[in-house]
2 protein chains.
Amino acid sequence: MVMATGRDEWVEAAYERFAEHGLAAVRVEPLAAALGTTKGSFYWHFSSRAELIAAVMERWEERETLQAIDVAEASGPPAERLAALFQAVASRARGRQGEATLYVEAVEEGVMAAVERVSQRRIDYIAGLLVELGLDPQEAQRRGVVCLAMVLGLQQLGTGTSGSLTAVRDPELARTALAMALAV
Amino acid sequence: MVMATGRDEWVEAAYERFAEHGLAAVRVEPLAAALGTTKGSFYWHFSSRAELIAAVMERWEERETLQAIDVAEASGPPAERLAALFQAVASRARGRQGEATLYVEAVEEGVMAAVERVSQRRIDYIAGLLVELGLDPQEAQRRGVVCLAMVLGLQQLGTGTSGSLTAVRDPELARTALAMALAV
DNA sequence: GTCGCACCATACGCAACCGTATGGATGGAG
DNA sequence: CTCCATCCATACGGTTGCGTATGGTGCGAC
């Protein structure tokens with residue numbers, strides 16, 4: 001199988017590396033080796049590594065948005081939707097440590113704008129739910145930020161922790177986090 | 001001023017780089033240049049870069065512990081101590097993005113153990129305060145984890161955000177976070 | 001004074017990557 | 001068949017950084 005290596009394959013392979021190991025792991029030569037081809041191909045389809053990174057982030061933003069819409073359109077009362085969101089994030093975290101380094105790497109790679117857009121959307125979505133639950137919009141916005149921070153932080157804590165830090169693996173964590181988010 | 005470059009100067013200079021830009025930014029040759037010396041000196045005092053990283057983490061753990069004790073010995077009721085802690089973390093965050101990447105980098109650099117120890121101490125400290133406030137120990141532990149996650153996440157969000165994401169800069173954030181931590 | 005040791009500078013080899021240069025291969029249009 | 005555009009492999013030069021080898025230099029002991 002000599003599968004043609006089009007632009008899309010490059011982006012997809014790069015996307016997987018990003019999702020699993022972060023943007024820093026998106027490197028041209030290793031990627032080429034993994035795809036069974038060489039840099040010659042890459043630099044035909046792309047002008048630089050930066051262009052690949054940009055394409056990866058574009059794809060990320062796209063998929064993030066699609067998924068956000070999926071979640072948003074899930075029926076049910078706001079509290080349940082928020083619960084589902086927390087649960088989804090918690091279960092989806094494994095094998096996706098790429099985002100754990102995103103905020104720092106995005107600066108270095110010059111793609112912070114996309115990250116900020118996605119962050120804003122996430123915050124707004126959570127804040128919207130909280131407003132539906134009767135919170136003041138300002139306070140809901142702040143809680144949205146804190147909830148996003150919780151998610152990002154839990155992702156951090158989930159990486160590496162080899163066995164110590166047992167509390168991080170507590171399956172009740174999501175429930176607690178949700179309770180904190182909803183507390184009046 | 002031809003200041004002698006002893007082992008300690010190397011560690012301190014490395015520590016500053018770590019605090020500001022993360023472990024990945026602790027690189028021997030740039031460090032040597034910054035200190036006005038060369039690798040020759042470095043490899044006299046250290047056997048490898050890994051040894052320097054280990055020394056940096058040792059210093060970090062030390063200072064973290066000292067500061068934790070400082071905070072712990074600050075008088076006042078638990079709620080106030082927790083408030084002071086959040087406020088301290090919020091204000092101290094600027095110029096210290098080094099920890100934002102720590103959980104990921106610690107794995108690569110082989111110093112996760114120190115990070116886990118510090119994390120555990122932080123969680124335990126917060127959980128202790130919450131128990132004093134009447135929470136169930138199990139629940140307090142979970143909240144400790146979530147609070148630490150909040151801090152780590154807010155650190156993430158604080159890096160880079162060039163102007164968008166205004167909600168992150170809201171000075172009321174710390175208050176909201178505290179309220180979420182204390183909510184019954 | 002000179003010997004030796006602590007300390008450092010220079011130069012080297014090695015590896016991982018980025019980006020470029022250049023020369024095939026392959027396949028459809030004419 | 002031939003020509004040209006796609007697409008790719010190989011080889012190269014440049015950078016950054018690690019670790020080593022080796023040769024000073026200053027300075028206290030004697």
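None of these values were measured; they are calculated from a predicted model.
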Inset, instruction - Check ring-ring contact (aromatic ring centres under 6.0 Å, His included) between B:Phe42 and all other residues, then give those that pass, not counting sequence neighbours. - result: B:Trp10, B:Phe46
Are there any protein N/O atoms within less than 3.5 Å of an N/O atom in nucleotides 9-12 of chain C, and if so, which ones and at what distance?
residue	atom	partner	partner atom	Å
C:dA9	OP2	B:Thr37	OG1	2.5
C:dA9	OP2	B:Thr38	N	3.0
C:dA9	OP2	B:Thr38	OG1	2.8

Inset, instruction - Check whether any side-chain N or O of B:His45 sits under 4.0 Å from OP1 or OP2 of C:dA6, and answer yes or no. - result: no
Legend entry - Euclidean distance, atom OH of residue B:Tyr43 to atom P of D:dG17 [Å, nearest integer]: 12 Å
Legend entry - Distance in Å, B:Leu102 CG paired with B:Leu152 CG, rounded so as to fall on 0.5 Å steps: 9.0 Å
Inset, instruction - Let me know the distance between CZ of A:Arg49 and P of C:dA16, rounded to the nearest Å. - result: 17 Å
Inset, instruction - Check every atom of D:dG17, C:dC17, D:dT6 against the side chain of A:Pro30 and return the nucleotide holding the closest atom. - result: C:dC17
Inset, instruction - Please state how far atom CD in A:Glu109 lies from atom C1' in C:dC18, giving the value in whole angstrom units. - result: 13 Å
Legend entry - salt bridge (charged side-chain N to carboxylate O under 4.0 Å, His left out): pairs with one or both residues in residues 147-158 of chain A, sequence neighbours excluded: none
Inset, instruction - Kindly state each residue pair satisfying salt bridge (charged side-chain N to carboxylate O under 4.0 Å, His left out) with at least one member in residues 139-154 of chain B, sequence neighbours excluded. - result: A:Asp170-B:Arg142, B:Glu139-B:Arg142, B:Glu139-B:Arg143
Legend entry - Spacing between B:Glu108 atom CD and D:dC18 atom P, to the nearest angstrom: 14 Å
Inset, instruction - Quick one: list whatever passes salt bridge (Lys or Arg N to Asp or Glu O under 4.0 Å) with A:Glu109, sequence neighbours left out. - result: A:Arg49
Inset, instruction - In whole angstrom, give the distance that lies between atom CZ of A:Phe46 and atom C1' of C:dC18. - result: 15 Å
Inset, instruction - Mind calculating the distance between CG (A:Leu23) and P (C:dC18) to the nearest angstrom? - result: 13 Å
Inset, instruction - Round to a whole Å and report the spacing from CH2 of B:Trp44 to P of C:dC7. - result: 5 Å
Legend entry - Between C1' of C:dC18 and CZ of A:Phe42, the distance in whole Å: 10 Å
Sequence neighbours excluded and cut-off under 3.5 Å, please list the side-chain donor-acceptor pairs for residues 22-36 of chain A, or say none.
residue	atom	partner	partner atom	Å
A:Arg27	NE	A:Ala24	O	2.7
A:Arg27	NH2	A:Ala24	O	3.3
A:Glu29	OE2	A:Lys39	NZ	3.1

Inset, instruction - Run the numbers on A:Ile53 and A:Phe18 for side chain to side chain contact (heavy atoms under 4.5 Å, CB included), then give the verdict. - result: CA-CA 9 Å; A:Ile53 299 288; A:Phe18 153 66; over 6 Å; no
Inset, instruction - Check every atom of C:dC8, D:dG17, C:dC18 against the side chain of A:Val28 and return the nucleotide holding the closest atom. - result: C:dC18
